[in-house]
Q: 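The structure's right below; bear with me while I get my questions together.
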Number of protein chains: 2
Amino acid sequence: MNPMTAARSRFSPADRPQLGLRERKKIKTREAIRDATYALIKEQGYDATTIEQIADRAEVSPSTVFRYFPTKEDIVLTDEYDPLMLEELRARPAGEPWIDSLRHVIHMALDVLTEEDPETVRTRAHLAIQVPAVRSRMVESMSETGRMLREAIAERSGLAPDSLEARVYAMSLTGGLLEVYLYWAENGFQDDLRGLVDRALDVLEHGLPAANS
Amino acid sequence: MNPMTAARSRFSPADRPQLGLRERKKIKTREAIRDATYALIKEQGYDATTIEQIADRAEVSPSTVFRYFPTKEDIVLTDEYDPLMLEELRARPAGEPWIDSLRHVIHMALDVLTEEDPETVRTRAHLAIQVPAVRSRMVESMSETGRMLREAIAERSGLAPDSLEARVYAMSLTGGLLEVYLYWAENGFQDDLRGLVDRALDVLEHGLPAANS
DNA sequence: CATGAAATGAGGGTAGCTCTCAAAATCTAC
DNA sequence: GTAGATTTTGAGAGCTACCCTCATTTCATG
């Protein structure tokens with residue numbers, strides 16, 4: 001019924017017949033809440049949309065909404081691509097320069113995302129620049145991604161994952177990449193996200209083009 | 001009365017006799033709210049401390065607390081050092097390598113902060129690693145600092161302040177430096193913050209020590 | 001089908017935050 | 001100093017995100 005459901009069809013219950021009825025219902029409820037939320041936000045904006053309205057449209061109780069998502073922001077944002085990325089990173093040849101591995105993995109992640117649900121990718125970015133709470137949550141979630149990055153960085157560089165150097169490096173990457181996303185949204189999604197990422201990685205690798213000493 | 005008031009004495013009303021009674025009272029109220037908040041947090045922790053308690057101890061109404069600080073996190077965090085830093089950055093010699101200028105300014109900011117109120121610097125870092133809402137607000141506030149950094153970066157490099165490159169660079173710096181602060185707190189404030197900053201700037205300038213290609 | 005486990009709904013409670021409006025404090029002029 | 005304009009404050013109602021508990025329903029399994 002909802003166009004977004006189609007876009008997210010990889011995760012729809014129909015594709016997982018091996019699961020019990022309970023699990024399939026849970027997935028359906030999750031999707032119903034997400035779809036209701038995105039629809040309501042599109043109609044009235046984020047702040048005007050209350051949990052109660054979401055619950056009504058998704059035909060569940062407000063308690064259930066909170067059982068599935070810890071906060072309102074999480075309804076919009078939560079997704080779990082981190083393990084995928086980490087796995088992909090580990091699969092890269094050991095001798096490959098770190099930045100190249102990273103570039104490759106991010107390109108792949110972008111492809112998956114945009115193929116799967118380009119609409120949502122934009123809506124999220126849009127919310128991130130409009131609603132402080134959403135942006136905060138996004139930063140927080142990217143920091144978690146950064147923590148996973150540390151693992152990979154540590155493996156490659158021989159540094160301890162908890163070392164200051166690994167942490168600073170991972171976090172500066174994370175911050176830079178988040179900024180790409182915001183930049184893209186603020187400029188009306190005109191640019192090619194992939195191209196922006198490449199430019200950002202160049203900056204992170206070599207510093208500013210015409211800058212400093 | 002409160003030891004923190006002494007530490008923040010540069011800003012106390014007594015030092016600004018040229019201001020009218022109204023302005024002096026406002027400053028006093030601000031300090032009363034801050035002091036009450038820090039004291040209560042020390043006693044009971046952040047979450048257990050309510051606005052009402054803060055208002056009671058500061059001898060103002062809850063409404064007044066919100067008039068002075070938009071959110072509870074802001075009571076703990078708000079400070080205005082950005083203009084100072086920007087000014088100091090601009091005062092550096094034009095030929096100086098960018099990273100050196102930055103290093104110099106951050107050192108200076110650290111000196112000012114630790115001389116003025118070392119206790120608070122630690123309490124904040126402590127809260128930042130314990131309370132997600134505070135950390136979020138801190139990130140947000142550092143992003144604002146990052147936006148000022150863009151100005152300075154643009155002036156030095158000739159890039160547009162709104163260019164992707166300037167933005168990514170500023171944000172990755174911001175993220176990296178925030179991580180230093182968190183690292184320092186997580187390791188019990190044992191390390192010399194200044195030394196950590198230097199190590200972080202080295203990473204940001206040259207990449208990881210023994211890493212990649 | 002019966003028993004146990006899991007998911008749900010209903011409802012009450014807390015606290016952050018907003019808004020309004022009238023009272024009190026401060027400033028300005030005469 | 002006193003009157004009047006302006007600013008600051010307090011009181012309190014209202015909204016909503018979020019938490020917790022408990023009874024009811026829904027699914028899984030022998």
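This is a predicted model, so every value here is computed, not measured.
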Q: Can B/Lys72 be said to sit on top of B/Phe66's aromatic six-ring, NZ or CZ under 6.0 Å from centre and within 45° of the ring axis?
A: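 No, B/Lys72 does not lie over the aromatic ring of B/Phe66.
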Q: Would you kindly give the NZ-to-P distance between B/Lys28 and D/dT9, to the nearest whole Å?
A: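 To the nearest whole Å, that distance equals 12 Å.
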Q: Closest to the B/Thr50 side chain: C/dA7, D/dT16, C/dG16?
A: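 When the side chain of B/Thr50 is considered, C/dG16 is the closest of C/dA7, D/dT16, C/dG16.
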Q: Please tell me which of A/Ala48 and A/Pro70 maps to the more 5' nucleotide of DNA chain D, matching each residue to the nucleotide holding its nearest heavy atom.
A: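 First, find each residue's nearest nucleotide; the 5'-ward one identifies A/Ala48.
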Q: Closest nucleotide of DNA chain C for B/Asp47 versus for B/Arg22: which of these residues is on the 5' side?
A: B/Asp47
Q: Can a side chain N or O of A/Lys25 be found less than 4.0 Å away from OP1 or OP2 on D/dC27?
A: yes
Q: Between B/Glu73 and B/Arg67, which has a closest nucleotide on DNA chain C that is more 5'?
A: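 It is B/Glu73, whose closest nucleotide lies nearer the 5' terminus.
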Q: Starting at CD of B/Gln44 and ending at C1' of C/dA15, how long is that distance when rounded to a whole Å?
A: 14 Å
Q: Take a 6.0 Å sphere around CD of B/Glu59 and say whether it holds more than 12 heavy atoms from other residues, nucleotides or ligands.
A: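 Not more than 12 within 6.0 Å, no.
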Q: Count the heavy atoms belonging to other residues, nucleotides or ligands that lie under 6.0 Å from CD of B/Glu144, then report whether that count exceeds 12.
A: yes
Q: Taking CD1 from B/Ile51 and P from D/dG12, how many angstroms apart are they, rounded to a whole number?
A: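 It works out to 19 Å between those atoms.
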Q: Hey, does B/Ser63 reach any base, or is it just sugar-phosphate, or nothing, if we go heavy atoms under 4.0 Å?
A: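 Base, at least one base atom sits under 4.0 Å.
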Q: Using whole Å, report how far CD of A/Glu52 lies from P of C/dG12.
A: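 Spelled out: CD on A/Glu52 to P on C/dG12 is 14 Å.
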Q: What is the distance, to the nearest angstrom, from the CZ atom on B/Arg137 to the P atom on C/dG16?
A: 17 Å
Q: Do any side-chain nitrogens or oxygens of A/Thr29 fall under 4.0 Å of OP1 or OP2 in C/dT8?
A: yes
Q: Under the 6.0 Å and 45° cation-pi test, does A/Arg30 pair with A/Tyr68?
A: no
Q: Would you tell me if any nitrogen or oxygen in the side chain of A/Tyr68 comes within less than 4.0 Å of OP1 or OP2 on C/dA7?
A: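 No.
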Q: Only one of A/Arg167, A/Arg150, A/Arg147 clears salt bridge (Lys or Arg N to Asp or Glu O under 4.0 Å) with A/Asp162; which?
A: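 So, applying the salt bridge (Lys or Arg N to Asp or Glu O under 4.0 Å) to A/Asp162 and each of A/Arg167, A/Arg150, A/Arg147, only A/Arg150 qualifies.
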Q: Output the rounded distance in Å from CG (A/Asp56) to P (D/dT16).
A: 13 Å
Q: Examine C/dT8: is either OP1 or OP2 under 4.0 Å from a nitrogen or oxygen in the side chain of A/Ser61? Give yes or no.
A: no
Q: What nucleic acid atoms does B/Phe69 come within less than 4.0 Å of, heavy atoms only: base, sugar-phosphate, or nothing?
A: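 Here B/Phe69 touches no strand at all.
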Q: Both B/Glu23 and A/Phe66 contact DNA chain D. Which one's nearest nucleotide lies toward the 5' end?
A: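 Looking at DNA chain D, the more 5' nearest nucleotide goes with B/Glu23.
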Q: Rounded to whole angstroms, how far apart are CG on B/Leu40 and P on C/dA15?
A: 14 Å
